[in-house]
Undergrad: 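One structure coming up, written as structure tokens, with questions to follow.
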Amino acid sequence: MPELPEVEITRRGIEPYLAGKIITGVRVRERRLRWPIPPNLSARVTGRRILGVTRRGKYILIDCSSSDRAGWLILHLGMSGSLRIMAAGTAAQPHEHFDLLLGNRLLRLRDPRRFGAVLWHTGDIARHPLLAGLGAEPLEDGFSGGLLHRALRARTAPVKLVLMNASIVVGVGNIYANESLFRAGIDPRAPAGRLSRTRCNRLVAAIKSTLKQALAAGGSSLRDFVHSDGSSGYFQQQYYVYGRAGLPCRVCATPIRQLRQGQRSTFYCPSCQK
DNA sequence: AAAAGGCCCTGGTCGC
DNA sequence: TGCGACCAGGGCCTTT
């Protein structure tokens, strides 16, 4: 489950190999991802020069705009996706569904569970239906306690579920939602709209610090997360609560509890989180 | 509008 | 050792 830090690490890893390069073709081995890879993708992208690689939420955006028309390749890693740079002609392994050919190199998508996506968009990328409704970028200054407080107002759902709603803030998946709530000392079951401004400030700070720490560690929420160059830079992070049901809280030694919220596992310390 | 549940998919783990 | 059941999860979509 690549979360935002992993996606950003991936973006940084591939960008130097993509920016300025000409796309020489694509290779599709399995079209059935979250949505089918567009059948006409090759004709759309071949010959275009890549201007840069950006990110919005967990979507990786490859800018293929030409002077006369904007064009973007949209990639999403889903839960099990990873991208790697390889030499042209490298034999494909199972689950390696898509290649973006770049002359003597290629960008290869591996995604065993096929929850990822490869899409093409012409025109203003911000208007794309998948991106237009996205909420704040958690690491940007615009994501503040005040903004979160306003967004949570009138929400009766548990704060953890609302936190994972991408129309409010992007990139906070299950692991970092759990960890951030622990760091902020907030009970994941608390009704979102009841959080005080002070607690929202604390929660925003916790989200930012949790994500930044993961980013600094090289991005690492998944066992099989692979860096874009293939090195296994995976560095298992020390989680406070995620996956630690029954184990003693690292702060107060109270056993960590687990429950289900919206079909997802929640972990929290009943003593530290109120 | 918000909330709740379904669905897509495969690999890993567990009990028998 | 083999096999089925179950879980993990991002996020869009449909239903309430």
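Note on naming: letters A, B, ... go to the chains in the order of the sequence lines (proteins, then strands), and numbering restarts at 1 for each one.
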Undergrad: Just the rounded figure in Å: distance from C1' of dG11(C) to NZ of K58(A).
TA: 9 Å
Undergrad: Under 4.0 Å: is that the gap between some side-chain N or O of Q263(A) and OP1 or OP2 of dG6(B)?
TA: yes
Undergrad: Identify the residue among L119(A), L107(A), L61(A) that makes a side chain to side chain contact (heavy atoms under 4.5 Å, CB included) with L75(A).
TA: L107(A)
Undergrad: Could you check how far CD1 of I74(A) sits from C1' of dC12(C), rounded to whole Å?
TA: 14 Å
Undergrad: Going by heavy atoms in the side chains, are H149(A) and R199(A) under 4.5 Å from each other?
TA: no
Undergrad: When you measure from the side-chain N and O atoms of Q261(A) to the phosphate of dG9(C), is any distance below 4.0 Å, counting only OP1 and OP2?
TA: no
Undergrad: Is a side-chain N or O of H97(A) found less than 3.5 angstrom from the main chain of L33(A), in a donor-acceptor match?
TA: no
Undergrad: Are the charged groups of E6(A) and K58(A) less than 4.0 angstrom apart, N to O?
TA: no
Undergrad: Given dA8(C), dC12(C), dG10(C), which nucleotide is nearest the side-chain atoms of Y242(A)?
TA: dA8(C)
Undergrad: Got a second to check how far L215(A)'s CG is from L139(A)'s CG, nearest 0.5 Å?
TA: 6.5 Å
Undergrad: Which whole-number value in Å describes the distance from E3(A) CD to dG9(C) C1'?
TA: 9 Å
Undergrad: Any residue in residues 145-166 of chain A with a heavy atom nearer than 4.0 angstrom to DNA chain B? Just list them by number, or reply none.
TA: R155(A), T156(A), A157(A)
Undergrad: Whole-Å distance between dG10(C) P and L77(A) CG?
TA: 12 Å
Undergrad: Charged N to carboxylate O below 4.0 Å: is that the case for R110(A) and E96(A)?
TA: no
Undergrad: Could you tell me the separation between the CG atom of N178(A) and the P atom of dG10(C), rounded to a whole number of Å?
TA: 10 Å
Undergrad: Could you tell me whether the side chain of P138(A) reaches within less than 4.5 Å of the side chain of I207(A), counting heavy atoms only?
TA: yes
Undergrad: With distance as the sole test, does S65(A) use its side chain to make a donor-acceptor pair with the main-chain N or O of G71(A) at under 3.5 Å?
TA: yes
Undergrad: Between C1' on dG10(C) and CD1 on I168(A), what's the gap in Å once rounded to a whole number?
TA: 16 Å
Undergrad: Tell me whether D99(A) contacts the main-chain N or O of L101(A) through its side chain, where contact means a donor paired with an acceptor under 3.5 Å.
TA: no
Undergrad: Grab the CH2-P distance between W35(A) and dG11(C) for me, whole Å please.
TA: 9 Å
Undergrad: Of F267(A), Y176(A), F182(A), which is the lone residue that meets side chain to side chain contact (heavy atoms under 4.5 Å, CB included) with Y242(A)?
TA: F267(A)
Undergrad: Could you walk me through whether E179(A) and T210(A) pass side-chain hydrogen bond (donor to acceptor under 3.5 Å, both in side chains), step by step?
TA: CA-CA 7 Å; E179(A) 293 296 302; T210(A) 304; over 6 Å; no
Undergrad: OH of Y59(A) versus P of dC12(C): gap in Å, rounded?
TA: 4 Å
Undergrad: Using a cut-off of under 3.5 Å, enumerate the N/O to N/O pairs linking the protein to nucleotides 8-11 of chain B.
TA:
{"from": "dC9(B)", "atom 1": "O4'", "to": "R113(A)", "atom 2": "O", "distance (Å)": "3.4"}
{"from": "dC9(B)", "atom 1": "O3'", "to": "R114(A)", "atom 2": "NH2", "distance (Å)": "3.2"}
{"from": "dT10(B)", "atom 1": "OP1", "to": "R114(A)", "atom 2": "NH2", "distance (Å)": "2.8"}
{"from": "dG11(B)", "atom 1": "OP1", "to": "H95(A)", "atom 2": "NE2", "distance (Å)": "2.3"}

Undergrad: How far does the helix from dA2(B)-dT16(C) to dC16(B)-dG2(C) bend, going by the axes of its first and last five pairs, to the nearest 10°?
TA: 50°
